[in-house]
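Atoms within each ligand, like the ligands themselves, are counted from 1 in listed order. One-based numbering along the sequence shown.
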Amino acid sequence: MGRINVALDGPAGAGKSTVARLVAEELGFVYIDTGAMYRAVTWKIIQEGLNSDQVDQVIAVAKQMQIELKPGQQGQKVFVDGIEVTDAIRSEEINQNVSWIASIPQIRELLVHLQQQMAVSKGIVMDGRDIGTHVLPDAEIKVFLTATAKERAKRRFQETKDPDITIDQLEFNINQRDRMDEQREASPLIRAEDAILLDSTEMSLSEVVTQVLDLCRTHV
Ligand code: C5P
């Protein structure tokens, strides 16, 4: 199989990151988690004490900061200005704030440019919300991975390190984030016309990975 790019989009908690990481490992490709890049910006903005009324300052900070993605044992490690934030960017506070940051067109422009540069030499599995529609519209394989909000909340609940959060709260947060991602003006979350729709509600992780790998391997 030649070197191709694989775009994996879908709503929060659909399992994109795990699927993308395993598919990349199997194919010997590089995995890029673009959500982590929006989360890294969000982490920095919170560190700086900025909020949604200060969009100009938010953009200025985002332009100055340096984001690095490095391969690690369990997926990718994320660094902001040399500080490791791999775990810190998974907090509920970041979950709650990332969508307003990701709705700012100048921030998207900045990150999309970086993402496109990373994919130039192909052999990439990239996951996000706008990869098939906007970042890599020419990707050879496009998959839109989804599951019901209830199922996604259930999966998140099994992974959460927050002892106080309930499944209902997680489902509410997921629905809220989906709505913001779907309704924003700049590159909203939407299935690319040529993306294969995979509903993983009733599928196991390995079934999803196998299906995506089959799609990649049948590509000529
Ligand atoms: O995939 P993950 O849940 O980590 O993404 C966090 C958030 O980053 C999403 O809810 C969305 O607001 C934003 N995002 C985006 N475009 C991408 C990847 C993520 O807007 N390509």
Among all protein heavy atoms, pick out the one at the shortest distance from atom 19 (C) of ligand 1; state its residue, atom name and that distance to 0.1 Å. G35 CA, 3.5 Å
Are any of the heavy atoms in M37 under 4.0 Å away from ligand 1? no
Does ligand 1 have an atom under 4.0 Å from some heavy atom of Q115? no
What distance separates D181 CG from R179 CZ, expressed to the nearest 0.5 Å? 11.0 Å
Selected option - heavy-atom contact closest to atom 16 (N) of ligand 1, from R177, K16, R108: R108
G128 heavy atoms, cut-off 4.0 Å: which ligand 1 atoms fall inside? 17 (C), 18 (C), 21 (N)
Mind checking whether R90 has a heavy atom under 4.0 Å from ligand 1? yes
Do T201 and D199 pair up side chain to side chain, a donor and an acceptor below 3.5 Å, judged on atom types alone? yes
Please compare D181, I32, T133, V98 and report which has the shortest non-hydrogen distance to atom 11 (C) of ligand 1. D181
Taking all non-hydrogen atoms of both residues, which atom of G123 and which atom of F29 are closest, and how far apart? O-CB, 3.2 Å
What protein heavy atom lies closest to atom 1 (O) of ligand 1? Include the residue and the distance to one decimal. R129 NH1, 2.9 Å
Starting from atom 18 (C) of ligand 1, locate the nearest protein heavy atom and write down its residue, its atom name and how far away it is, to 0.1 Å. T34 OG1, 3.3 Å
Around atom CD1 of I190, are there more than 12 heavy atoms from other residues, nucleotides or ligands closer than 6.0 Å? no
Test salt bridge (Lys or Arg N to Asp or Glu O under 4.0 Å), reference E171, set R177, R156, R152, K150, output is K150
Ligand-side contact atoms (ligand 1) for residue partner D130, heavy atom cut-off under 4.0 Å: 16 (N), 17 (C), 21 (N)
Hydrogens and angles aside, do S91 and E93 bring a side-chain donor and acceptor to less than 3.5 Å of each other? no
Does any N or O atom in R39 lie less than 3.5 angstrom from one in ligand 1, N or O only? yes
Please check whether R156 reaches ligand 1 - meaning an N/O of the residue sits under 3.5 Å from an N/O of the ligand, judged on distance alone. no
If we number the atoms of ligand 1 from 1 as shown, the ones under 4.0 Å from a heavy atom of A102 are 12 (O), 13 (C), 20 (O)
Only heavy atoms of S99, strictly under 4.0 Å: list the atoms of ligand 1 that pass. 10 (O), 12 (O)
For atom NZ of K122, decide whether the heavy atoms of other residues, nucleotides or ligands shown that lie under 6.0 angstrom number more than 12. yes
Run the numbers on T18 and R155 for side-chain hydrogen bond (donor to acceptor under 3.5 Å, both in side chains), then give the verdict. CA-CA 12 Å; T18 314; R155 293 177 191 168; over 6 Å; no
Give the contacting part of R184 toward ligand 1: side chain, backbone, both or neither, where contact means a heavy-atom distance below 4.0 Å. side chain
Does Q117 CD have over 12 foreign heavy atoms under 6.0 Å away? yes
Is there a donor-acceptor contact under 3.5 Å linking the side chains of D214 and Q211? no
